[in-house]
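Here's the structure, in structure tokens; my notes come after.
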Number of protein chains: 2
Amino acid sequence: MLKLSKLTDYATVILSHMAKDYLGMYASQEVSERTGIAQPTVSKILKILVKAKILTSVRGAKGGYLLASAPENITVAMVINALEGPIALTECSLSHKNCDHVRDCDIQGNWGVINQKILTMLESVTLADMLEPIKPANEIRISASSFFR
Amino acid sequence: MLKLSKLTDYATVILSHMAKDYLGMYASQEVSERTGIAQPTVSKILKILVKAKILTSVRGAKGGYLLASAPENITVAMVINALEGPIALTECSLSHKNCDHVRDCDIQGNWGVINQKILTMLESVTLADMLEPIKPANEIRISASSFFR
DNA sequence: ATTAAATAGTACTAAACTAGTCCACAATAA
DNA sequence: TTATTGTGGACTAGTTTAGTACTATTTAAT
Ligand code: FES
Ligand code: FES
């Protein structure tokens, strides 16, 4: 169903929460309470986000997590990348090695283009954007006829 | 890893093959030989594509499958939809029911916007486009600053 | 009529992935 | 020293996916 994992979804919820006061420090405990996501799961996600350098952590009592940069500089693509690895719609967008038993394939490159467009789109959305209330007029700038040109 | 299933990938390969002579009829046997995808798997995919009305089938000896419409009218979104169901990055893009234990969530709507953009993009790419050799200059028309405005 | 070639539908299995939990360990504040 | 908090890794149960198999149905050719 072309979907993100639940953990990625949670991660955006968690980060949005933290972005509201983006200089503050948040203990996993507290994040769990505020978001309603179970504590062990929150903890797991926060650890992953630290490893991806999206968050920084402070250990010990009164410790917690903070955003490693301003919400404007954290993109949705970064978050997806942290939790799910590189964004690649098809195996071949990432490496052609895995597709060896598919002969007669004329389309790998085009998948790559689609993939790149989605990536660019996701890179253009930041945590700050996610917090904004939705504006109804969202004009799409891609016209069908110009897609591959 | 935000990826399409292998079957979807195969489906595009199969359809691209069939689109080369898009009035011709193809037996699953033959498609299997040409693409190198195992026959039972090809067969499974073709059945699904018929149910989605992307292909039509002719039963009996000398039967086979044909494109139900011209390659220009078959979009990548249709194919993904046939094999994986509705395109929805997060549960909430599809229905908010499943997310009830996430309190304090300000972002569902924005996911919906992102989702819609990806959908529009995938709807703008047709089978005919997939067959074209790639053009190097692919200007992306979405600017970061205007994403949510 | 009979046979062969082809799709339709469904069910099944094995493998891979995901979500969610848990625990022993390390760091720090009080 | 003790309580609090993050770190790292392991583990289990559940779900999803890929791939296969089998039976029934349809049609062309003979
Ligand atoms: S090389 Fe993988 S689908 Fe073509
Ligand atoms: S309602 Fe599902 S992530 Fe917000």
Side-chain angles (χ1 to χ4, degrees), chain A residues 1-11 13-14 18 24-33 35-68 80 82-85 88-91 98-99 101-102, chain B residues 1-11 13-14 18 24-33 35-66 68 80 82-85 88 90-91 98-99 101-102:
Chain A
M1 176 170 53
L2 188 52
K3 68 164 183 237
L4 299 168
S5 76
K6 251 178 173 181
L7 293 188
T8 307
D9 196 356
Y10 292 162
V13 173
I14 291 171
M18 294 177 69
M25 187 148 63
Y26 300 82
S28 69
Q29 179 68 248
E30 178 198 345
V31 173
S32 167
E33 281 160 16
T35 59
I37 301 166
Q39 201 277 330
T41 302
V42 169
S43 197
K44 180 181 194 169
I45 293 167
L46 291 173
K47 284 179 222 171
I48 293 170
L49 292 173
V50 168
K51 219 181 294 181
K53 297 189 203 289
I54 292 169
L55 298 178
T56 36
S57 62
V58 178
R59 292 173 71 148
K62 304 264 171 183
Y65 297 90
L66 330 85
L67 295 195
I80 295 175
L83 280 115
E84 318 200 11
L89 286 192
T90 64
E91 302 290 346
N98 303 345
C99 219
H101 70 300
V102 176
Chain B
M1 174 170 54
L2 188 51
K3 68 162 183 236
L4 298 169
S5 76
K6 251 179 174 180
L7 292 188
T8 307
D9 196 356
Y10 292 163
V13 174
I14 291 171
M18 294 177 69
M25 187 148 64
Y26 299 82
S28 69
Q29 179 69 250
E30 178 199 345
V31 173
S32 166
E33 282 161 15
T35 59
I37 302 165
Q39 201 277 330
T41 302
V42 169
S43 196
K44 180 182 194 169
I45 293 168
L46 291 172
K47 285 178 213 172
I48 293 170
L49 292 173
V50 168
K51 218 182 293 181
K53 298 190 203 288
I54 292 170
L55 297 179
T56 36
S57 61
V58 177
R59 292 174 71 151
K62 304 264 171 184
Y65 298 89
L66 333 83
I80 295 175
L83 280 115
E84 318 199 12
T90 65
E91 302 290 345
N98 302 345
C99 218
H101 70 297
V102 177

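Proteins come first, then strands; the chains are lettered A, B, ... in the order of their sequence lines, and each starts at number 1.
With hydrogens and angles ignored, the 3.5 Å screen pairs no side-chain donor or acceptor of B:S57 with any backbone N or O of B:G64. A donor-acceptor pair is defined here as one N or O able to donate and one able to accept, closer than 3.5 Å; no such pair exists between the side chain of A:S32 and the backbone of A:S28. Without hydrogens or angle criteria, B:E84 side chain to B:L4 main chain gives no donor-acceptor distance under 3.5 Å.
For B:K3 and D:dT17, the NZ to P distance is 10 Å, given to the nearest whole Å. To the nearest angstrom, P of D:dG8 lies 14 Å from CG of A:L49. The interatomic distance linking B:D9 (CG) with D:dG19 (P) rounds to 11 Å, in whole Å. The interatomic distance linking B:I45 (CD1) with D:dA18 (C1') rounds to 10 Å, in whole Å. Atoms CD (A:E33) and P (D:dT5) sit 10 Å apart, rounded to a whole Å. With rounding to whole Å, B:E30 atom CD is found 15 Å from C:dA5 atom P. In this entry the distance linking CD1 of A:I48 with P of D:dG9 reads 12 Å, nearest Å. For the pair B:L2 CG and C:dC17 C1', the computed distance is 15 Å after rounding to whole Å.
Close to D:dG8, at under 4.0 Å from its OP1 or OP2, lies no side-chain N or O of A:K44. Phosphate contact (OP1/OP2 of D:dT16, side-chain N/O of B:S5, threshold under 4.0 Å): absent.
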Extract from the structure each pairing of a protein N or O with an N or O of nucleotides 6-9 of chain C at less than 3.5 Å, listing the distance.
| unit_1 | atom_1 | unit_2 | atom_2 | d |
| --- | --- | --- | --- | --- |
| C:dT7 | OP1 | B:S28 | N | 2.9 |
| C:dT7 | OP2 | B:S28 | OG | 3.0 |
| C:dT7 | O3' | B:S57 | OG | 3.4 |
| C:dA8 | OP1 | B:S57 | OG | 2.5 |
| C:dA8 | OP2 | B:Y65 | OH | 2.8 |
| C:dG9 | N7 | B:K47 | NZ | 2.8 |
| C:dG9 | O6 | B:K47 | NZ | 3.0 |

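B:L49 is listed as a side-chain neighbour of B:L83, based on a closest heavy-atom distance under 4.5 Å.
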Any chance you could lay out the side-chain contact (heavy atoms from CB on, under 4.5 Å) test for A:K47 and A:Y65, step after step, and finish with the verdict?
-> CA-CA 9 Å; A:K47 284 179 222 171; A:Y65 297 90; 4.3 Å; yes

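The shortest heavy-atom contact between B:T35 and B:V13 is CG2-CG1, 4.3 Å.
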